[in-house]
Amino acid sequence: MLTVNAIAAPSATEPLVRTTIERRDLGPRDVLIEITYAGICHSDIHTVRGDWGKVPYPLTVGHEIVGHVTEVGTEVTLHAVGDRVGVGCMVDSCRECENCLAGHQQYCERGNTQTYAAVDRDGTVTQGGYSTHIVVVEDFVLRVPESIPHEAAAPLLCAGITTYSPLAHWKAGPGKKVAVVGLGGLGHMGVKIAAAMGAEVTVLSQTLSKKEEGLAFGAKHYYATGDPATFETLKNSFDLVINTVSAPIDMGAYLNLLRLDGTFVSVGAPPEPLPIQVFTLFGNRRSFAGSSIGSIAETQEMLDFCAERGIAPQVEVIGADEVNDAYERVLKSDVRFRFVIDIASLR
Ligand code: NAP
Ligand code: ZN
Ligand code: ZN
């Protein structure tokens with residue numbers, strides 16, 4: 001066992017604190033990663049605050065992890081000491097179900113092993129990336145191209161893949177009109193990736209306060225959802241709407257924005273239900289869908305795509321003692337556009 005420095009939530013209501021956690025001894029196919037940066041995803045906040053259900057406290061969250069390999073198990077072939085690597089939202093899956101066999105580990109029928117708050121193969125509770133080291137089985141470790149700025153690479157492991165996957169699946173590209181709802185961590189990556197894929201991108205944000213940045217990320221249009229006229233102007237407009245909002249929204253108003261055969265995909269995960277009036281789906285033969293992160297192969301494809309196109313998250317790097325303040329700012333939509341913890345501050 002390796003005892004390493006970490007940040008953990010003691011309960012749903014207390015601030016996160018510095019602590020130590022244990023990492024398992026290296027198995028033959030495991031990789032030991034010295035973490036350099038860890039992104040703060042809104043899912044970390046939903047989880048530690050108990051929004052989504054019971055939590056095994058104390059818990060270390062973080063599933064946007066980048067670092068270097070410092071040791072490999074005896075049978076490891078995919079990674080070598082010194083490689084720059086990443087770990088996202090899952091660290092294992094059953095490897096036997098129909099979805100795993102088809103390469104969709106994120107949709108493992110037995111539930112993939114999440115990077116934190118899940119029961120690992122050895123029966124221990126997984127602990128996430130707000131820590132100095134992590135041990136992960138080699139095929140759930142991604143290669144992070146050196147051309148991606150180091151501190152900006154971490155958010156690709158969740159915000160990047162979670163937007164890339166539905167954009168690729170629903171074929172965002174030339175001739176397609178795509179709207180991204182919410183310009184936070186996921187949203188700003190959705191805009192950059194959809195624009196790089198060739199789609200005509202519109203940002204739907206609560207206000208116009210981030211318009212300049214949104215357009216610089218590649219959006220062609222930018223509207224405030226706080227203005228009811230937006231929903232009139234944009235009725236029947238989009239082939240694809242990617243919703244990244246962490247809170248409930250008025251589904252009727254957003255579904256009406258879809259043109260014929262358009263799809264509204266929620267990646268945002270509010271704890272409350274999103275009620276739908278089915279007649280809104282009848283119009284324009286609309287679809288309502290959800291999407292969960294992406295597979296390991298797709299995550300590698302996204303990392304390589306971002307490296308080739310020169311796309312990277314816009315991050316604000318913070319120290320370990322600023323995480324609680326960062327959480328409050330994320331909750332107030334005051335993030336431009338992803339907080340990343342410099343793990344050197346934990347050593
Ligand atoms: P984030 O950085 O906080 O971004 C969410 C954005 O939504 C905010 O910046 C804000 O954008 C908008 N927003 C927030 N509250 C709102 C409200 N009450 N009404 C309208 N708009 C609001 O969060 P994130 O890290 O991108 O995560 C977004 C959501 O995706 C979370 O629920 C997270 O758990 C979920 N998620 C899902 C997956 C998946 O696999 N499906 C993966 C990762 C995250 P504006 O200021 O521009 O309006
Ligand atoms: Zn996440
Ligand atoms: Zn499976």
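Residues: numbered from 1 along the sequence shown. When a ligand or atom number is given, it counts from 1 through the structure's own listing order.
- Residues S11 and E14 have side chains that bring a donor and an acceptor to within less than 3.5 angstrom of each other.
- For the residues R338, H46, H63, the heavy atom positioned nearest atom 31 (C) of ligand 1 is part of H46.
- Listed by number with element, the atoms of ligand 1 under 4.0 angstrom from any heavy atom of C41 are 25 (O), 43 (C), 44 (C).
- Ranking the protein heavy atoms by distance from atom 3 (O) of ligand 1 puts H42 ND1, 2.7 Å first.
- An N or O contact shorter than 3.5 Å is missing between P270 and ligand 1 by distance.
- In terms of polar-atom proximity, G182 is not counted as a contact of ligand 1, lacking any N or O under 3.5 Å from an N or O of the ligand.
- Under the 4.0 Å criterion applied to side-chain N and carboxylate O atoms, R121 and D92 are assigned as salt-bridge partners.
- Between E138 and R29 a salt bridge is recorded (basic side-chain N to carboxylate O distance below 4.0 Å).
- A donor-acceptor contact shorter than 3.5 Å links the side chain of Y107 to the backbone of S292.
- Looking only at heavy atoms of the protein, atom 43 (C) of ligand 1 is closest to C158 SG, 3.2 Å.
- Of the angles at the Zn ion (ligand 3), the one spanning SG of C94 and SG of C108 is 100° when given to 10°.
- Counting heavy atoms from C-beta outward, V315 and V317 have side chains that approach closer than 4.5 Å.
- Residue S205 holds the heavy atom nearest to atom 45 (P) of ligand 1 of all those in S205, S333, G190, P271.
- In this structure, W52 has a heavy atom closer than 4.0 Å to ligand 1.
- Polar contact check, F337 against ligand 1: no nitrogen or oxygen pair lies under 3.5 Å apart.
- What sits closest to atom 2 (O) of ligand 1 on the protein, heavy atoms only, is G185 N, 2.9 Å.
- With the Zn ion (ligand 2) as the vertex, SG of C158 and NE2 of H63 span 110° to the nearest 10°.
- The shortest distance between side-chain heavy atoms of I341 and I40 falls below 4.5 Å.
- Here R336 does not pair with E316 in a salt bridge; the nearest charged N to carboxylate O distance is not below 4.0 Å.
- The closest non-hydrogen atom to atom 35 (C) of ligand 1, taken over V267, L204, T47, comes from V267.
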May I have the step-by-step check of side chain to side chain contact (heavy atoms under 4.5 Å, CB included) for Y222 and K210, ending in yes or no? CA-CA 9 Å; Y222 200 107; K210 293 175 277 191; 3.3 Å; yes
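- The nearest heavy-atom contact from the protein to atom 46 (O) of ligand 1 is K210 NZ, 2.7 Å.
- Taking the six-membered ring for Trp and the full ring otherwise, the centers of H68 and H133 sit at least 6.0 Å from each other.
- Near I293, meaning under 4.0 Å from any of its heavy atoms, are these atoms of ligand 1: 39 (C), 40 (O).
- For atom 7 (O) of ligand 1, the closest heavy atom belonging to the protein is V245 CA, 3.7 Å.
- Taking each of A247, A159, S291 in turn, the one with a heavy atom nearest to atom 18 (N) of ligand 1 proves to be A247.
- In this structure, the protein non-hydrogen atom closest to atom 28 (C) of ligand 1 is T244 O, 2.9 Å.
- By the 4.5 Å heavy-atom criterion applied to side chains, V141 and I33 are counted as neighbours.
- Salt bridge status for E328 with R49: present, with a side-chain N to carboxylate O gap under 4.0 Å.
- Q206 OE1, 3.6 Å is the protein heavy atom nearest to atom 19 (N) of ligand 1.
- The nearest heavy-atom contact from the protein to atom 33 (C) of ligand 1 is S43 OG, 3.4 Å.
- Between F339 and Y327, the distance separating the two ring centers is not shorter than 6.0 angstrom.
- Here's the thing with A269: one of its N/O atoms is less than 3.5 angstrom from an N/O atom of ligand 1.
- Taking the six-membered ring where the residue is Trp, the centroids of F264 and F238 are separated by 6.0 Å or more.
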